[in-house]
Amino acid sequence: MELVDLFSTENLVYIALVIVAAVVAFLLIKKVAGCVIKAVIFAILVALLAFLYYTYSGMQEESHDDGEQTEMRE
C-alpha cells in the first residue's frame, strides 16, 4: 500500500470515523467509569459509617454497665 493510497478520500473518511468512534467510546467509558467509581466510594463510606455506628453503639452499651455484679440470693 502506497502512502498516496493511504490518504485517498475513502481512507480519510474511514480514518475520521474511526477517530470519532474512539473519542465517543473514550467519553462513554470515562462517564461510566466515573459513575462506578462514585458508587464504590459511596459503598465504602456507607460501610465505614455502619462500622463506626455499631462500634460506637457497642461502646455505649458497655459503658452503662458499672461493673457491679449482682449476687443471687436464695
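We're numbering straight along the sequence, starting at 1.
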What residues, two or more places apart in sequence or in another chain, satisfy side-chain contact (heavy atoms from CB on, under 4.5 Å) together with V24?
V20, L28

Spatial distance of atom CG (L49) from atom CD1 (I44) [nearest 0.5 Å]:
12.0 Å

Output the rest of the hydrophobic cluster of L45: all Ile, Leu, Val, Met, Phe, Trp and Tyr residues reachable through side-chain heavy-atom contacts under 4.5 Å, sorted by chain and number.
I37, I41

